[in-house]
Structure formats: C-alpha cells, structure tokens
*Asks:* 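Sharing a structure here in structure tokens format.
Counting starts at 1 for both ligands and their atoms, in listed order. Below, each value reflects all heavy atoms present in this structure, side chains not excepted, and no hydrogens, waters or symmetry copies.
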Amino acid sequence: MNILIIGKGGREHALGWKIASSPQSSRIYFLPGNGGTLSIGTNIDGDYNDFQFVKSTVERYKIDMVVIGPEDPISRGLSDYLSDTGAYVVAPSKNVAFLEASKIKAKRFMKKYHIPTADFDVFEDFDSALSYVQSRRRWPLVIKADGLCGGKGVEITRSYEEAQKVLTEFMINKKFGESSAKVVIEEYLKGYEFSVFAFLDGDKYTILGDAIDYKPVFDGDKGPNTGGMGSISPCVFLSQKMKQDVREKVIERTIRGLKSEGLYYKGFLYFGLMWTDKGPYVLEYNIRMGDPETQVLVLADERDWLYIFQHPSKFTGIWPAFKKTCVEVVLVSKGYPGKYQKGYEIHGLPSIKEAVLFHAGTRRENGKIITWGGRVLNVVACAEGLSEARKKVYKEVQKIYFDNIYYRKDIGEASRWKGIL
Ligand code: AMP
Ligand code: GLY
C-alpha cells in the first residue's frame with residue numbers, strides 16, 4: 001500500500017513511524033516531511049496548500065491512503081478536494097472544520113448539544129466587548145479569537161486593563177486578520193488539563209488515547225504558550241469513572257450532535273479538556289491529532305493504527321489499555337516561540353538507544369542533520385511508571401547537543417497533579 005502523509009512536524013514523523021511499524025507493509029511518502037522522515041520514507045518537496053500539486057502527487061505515486069496532519073489544509077478542504085482520486089483520506093471534510101476553525105461556531109454547537117463547556121458570550125464588535133469586560137466583577141476572563149491563529153488566539157486576562165489591551169490587539173489592530181475580528185469571552189475554569197484523541201467514522205469511534213501537553217515554554221508553566229514543550233501518555237489522573245464521563249458527556253454527545261446537524265465526520269478528533277470539580281469541560285476541539293501528543297500516543301498505544309484507520313468501527317467506545325507510561329521532551333531552538341536562529345548541526349543522535357526520536361524542525365544537509373525550526377526534536381521514552389519513564393527520557397536527552405538547545409526540565413514531574421492524585 002502507498003501512503004502519503006501531509007505535514008512536516010513531529011506529529012507526521014510519528015504517524016509515519018506508527019504506520020511503518022504495522023504488520024501490513026506499506027511505502028510511505030511525506031509531503032514535505034523533515035530530516036527524520038527520510039529514514040522511513042520518501043520526502044516530496046512542495047507546498048501542501050497547493051491542492052492541485054497534492055492531487056497530482058497522489059496520482060503520480062499511486063497513493064492508496066492520505067493522512068493529513070495539520071489543520072489548515074483540512075479546513076481549506078483538502079480532504080474533499082482529493083475525494084475523486086480514489087485514495088482513502090484520513091481527515092474530515094471542510095464542512096466539520098468549524099469545530100476547530102471557528103470558536104464561535106464550536107461553542108454554539110457545544111451549548112446546543114449540552115456538551116459541558118465554559119459559559120461564554122460572543123462579540124462581533126469592539127465596543128460591546130469592551131463594555132462587557134468593563135461590567136465584569138469576576139476575573140480572570142478568557143478571550144478567544146474566533147478563527148485559526150496558530151495556537152496564539154487565546155488570552156487569559158486578569159483585569160479590565162489587560163482585557164482592553166487584548167481586545168484592542170485582536171479586534172482593532174486585527175493581530176490575526178479576520179481570525180481575530182470576532183471573539184468569544186468565556187469563564188475561566190479551574191482544574192486539570194488533558195486531551196483525548198479519537199478516530200471517528202460517523203457514529204463509530206475508536207479512542208486512540210489520552211495525554212497531557214505542556215504548553216508554556218518555561219518550567220513551572222511560566223512564559224508564553226508554545227505548540228507544546230512535552231507530553232505524557234496516558235494521563236496520570238484519569239480513573240475509569242472519569243473516562244466514562246468523558247465518553248458519555250463529551251465524545252458521544254459530540255457524535256450525536258454532528259449527526260443531528262447532518263454532518264458526517266471521518267478522521268481524527270482531538271478533545272482539549274479540563275477536569276473540573278464538576279467533571280470534564282471542553283476547552284476546544286481540533287480536527288486533527290495533537291503535536292507533540294501524537295508522538296507519545298503512538299508509543300503508549302500498542303495497537304496497529306493502520307488497521308484502525310481501515311476498520312474504524314471495530315473498536316467503538318473502547319479505551320485502550322496502556323501497559324506503559326511514555327514521557328516526551330521537546331528540544332527547541334532557544335528563543336522559540338519568538339525569534340530563534342537555525343542551521344546548527346545536531347550531535348549525538350546515533351547514541352540514543354532507550355528512547356524514540358521524532359524529528360520536527362530538522363533538515364538533512366550534506367549528510368548532517370541540522371536545526372531548521374523552533375521545535376527541533378521530540379525524544380520519547382516509555383517505562384512501567386511515570387518516574388522511571390521521566391528518568392529515562394532525560395538521560396537520553398542529555399546525549400543530544402546543538403547550539404542554542406533549550407528544553408523544559410519538569411516534564412512528567414508528579415507534583416503537578418498533587419491535588420488530584
Ligand atoms: P484553547 O486553544 O481554547 O484550548 O486554549 C488554549 C489554552 O488556554 C488551553 O490549553 C488552556 O490552558 C487555556 N484555556 C482555554 N480556555 C480556558 C478556560 N475557559 N479556562 C481556563 N483556561 C483556559
Ligand atoms: N499540542 C497542542 C496542539 O496540537 O494543538
């Protein structure tokens with residue numbers, strides 16, 4: 001079978017690795033891939049937002065299955081565009097992309113179908129948003145730009161002045177263009193964040209796993225948010241009862257809601273959740289897998305995902321049983337998520353024996369692997385328990401070096417969950 005994976009990050013390397021580890025044999029192509037995907041497949045140079053080029057690639061390489069990693073081509077309709085090629089596309093149609101691409105539509109959908117989510121209001125003009133925050137007595141408040149903002153469209157504001165500044169940036173200065181012209185303002189929720197990942201086919205769903213993501217750049221969750229500085233799977237605090245709540249109140253209500261709207265969903269669905277004292281609340285949906293969560297999930301879940309993609313109805317409702325805990329540390333270029341330098345040689349990769357390496361911003365040049373992005377490498381180690389996996393991954397991380405390397409030192413520290421464990 002010929003498989004094309006769209007994207008260039010650690011998530012796509014991990015999906016390719018998972019497919020390559022399936023007993024079914026396949027030839028894997030990446031568009032465009034990175035310095036690590038070359039070791040398991042063929043990189044095709046080009047722009048995946050050029051849909052005609054993607055279609056001609058599918059035809060040229062006789063692709064049987066296309067797996068789309070990032071949200072932008074999905075929300076622009078790549079899955080629909082490829083539907084007449086005969087290839088099986090693992091990604092949903094544009095008509096369900098609102099779940100990620102519009103916070104306003106996603107929140108209204110959740111409200112309509114009684115899916116627990118923070119109370120909210122929608123504002124389409126600056127003056128009414130401002131007078132709303134002026135009248136507020138309880139802080140913090142969460143301000144979310146409506147559209148896709150590359151993970152930067154959410155701000156937690158703790159005072160009227162802060163809220164005014166964010167609203168001005170979003171709605172007047174249009175920091176993210178039309179994506180931030182409208183906003184959702186919602187209640188701040190207290191609790192423990194985690195994510196659940198499913199593969200949907202209409203009303204059938206396979207849970208691929210659960211994970212915790214570390215978004216802020218510095219230890220102790222300080223500093224600006226990033227795409228993700230580390231991840232662990234499974235989520236350490238989820239009991240059977242909590243899983244049952246997530247299934248019933250979140251996943252199944254979402255599926256029933258989609259059906260009631262006459263929408264067919266096929267592909268990955270990512271639930272960004274907060275466990276509160278009232279149970280699970282949805283912070284966001286994503287119409288794709290997470291990055292860096294995919295990189296831990298492919299190791300924590302030992303099942304054959306290629307088989308799951310082909311037979312999505314076989315595992316409906318089952319939460320996978322995890323035999324191990326996996327911890328992932330993301331190595332980044334110092335300065336990320338702001339400005340950083342790239343082009344430095346990466347040393348020590350062949351000495352990694354007890355962890356799996358997924359490349360993100362890397363490139364192979366003249367036989368050397370060099371840094372080529374903000375998030376550079378993902379190092380994942382698994383063991384029977386969290387503390388053992390954590391020790392193992394940091395031991396391996398120390399063997400890798402490049403100029404301006406930076407990573408968080410507190411991924412998998414159990415003290416983070418002392419209130420819930
Ligand atoms: P989102 O893109 O909606 O997931 O928001 C990004 C991050 O902001 C989340 O991962 C949370 O850490 C935080 N966040 C979003 N909504 C809320 C909320 N209602 N209460 C507290 N934190 C939130
Ligand atoms: N790690 C967060 C995301 O993929 O959106």
*Asks:* Is it true that a side-chain atom of E248 and a backbone atom of D245 form a donor plus acceptor pair closer than 3.5 Å?
*Replies:* no
*Asks:* For ligand 1, is any non-hydrogen atom under 4.0 Å from L283's backbone (N, CA, C, O), its side chain (CB onward), both, or neither?
*Replies:* both
*Asks:* Give the residue, atom name and distance (to 0.1 Å) of the protein heavy atom nearest atom 19 (N) of ligand 1.
*Replies:* E186 OE2, 2.7 Å
*Asks:* Under a 4.0 Å threshold between the charged nitrogen and the carboxylate oxygen, would K103 count as salt-bridged to E284?
*Replies:* yes
*Asks:* Checking K112 against E261 for the salt bridge (Lys or Arg N to Asp or Glu O under 4.0 Å) test, could you report, in this order, the C-alpha distance in whole Å, the side-chain angles of both residues, the deciding distance, and whether it holds?
*Replies:* CA-CA 11 Å; K112 183 167 174 190; E261 296 290 309; 2.7 Å; yes
*Asks:* So, for Y132 and F123, is the gap between ring centers shorter than 6.0 Å?
*Replies:* yes
*Asks:* Among all protein heavy atoms, pick the one closest to atom 9 (C) of ligand 1 and tell me residue, atom and distance.
*Replies:* E193 OE1, 3.4 Å
*Asks:* Under 6.0 Å from the CD atom of Q24, do we count more than 12 heavy atoms belonging to anything else shown?
*Replies:* yes
*Asks:* Kindly confirm or rule out an N or O of Y188 lying under 3.5 angstrom from an N or O of ligand 1.
*Replies:* no
*Asks:* Please determine if V154 has a nitrogen or oxygen closer than 3.5 Å to a nitrogen or oxygen of ligand 1.
*Replies:* no
*Asks:* Under 4.0 Å from a heavy atom of K215: which atoms of ligand 1 are those, numbered in the order shown and with their elements?
*Replies:* 10 (O)
*Asks:* Which residue from I156, N286, N225 reaches closest to atom 13 (C) of ligand 1 through any of its heavy atoms?
*Replies:* I156
*Asks:* Closer than 4.0 angstrom, basic N to acidic O: yes or no for D221 and R416?
*Replies:* yes
*Asks:* Counting the benzene-type ring for Trp, do Y406 and Y336 have ring centres under 6.0 Å apart?
*Replies:* no
*Asks:* To check your reading of the model: name the closest protein heavy atom to atom 20 (N) of ligand 1, its residue, and the distance in Å.
*Replies:* L189 N, 2.8 Å
*Asks:* Do K399 and E396 sit within salt-bridge range, that is, some charged N less than 4.0 Å from a carboxylate O?
*Replies:* yes
*Asks:* Should L99 and Y265 count as side-chain neighbours, where that means a heavy-atom distance under 4.5 Å?
*Replies:* yes
*Asks:* Would you call R138-E187 a salt bridge at under 4.0 Å N-O?
*Replies:* yes
*Asks:* Regarding E186 and K144, does a basic nitrogen lie under 4.0 Å from an acidic carboxylate oxygen?
*Replies:* yes
*Asks:* Which of the numbered atoms in ligand 1 are below 4.0 angstrom from a heavy atom of K103?
*Replies:* 1 (P), 2 (O), 3 (O)
*Asks:* I'd like to know whether ligand 1 has K190 as a neighbour, heavy-atom separation below 4.0 Å.
*Replies:* no
*Asks:* Just to confirm my output: which protein heavy-atom neighbour is closest to atom 16 (N) of ligand 1, and how far is it?
*Replies:* K144 NZ, 3.0 Å
*Asks:* What does the list of residues with a heavy atom under 4.0 Å from ligand 2 look like, ordered by chain and number?
*Replies:* D213, G227, Y270, N286, R288, G290, D291, P292, E293
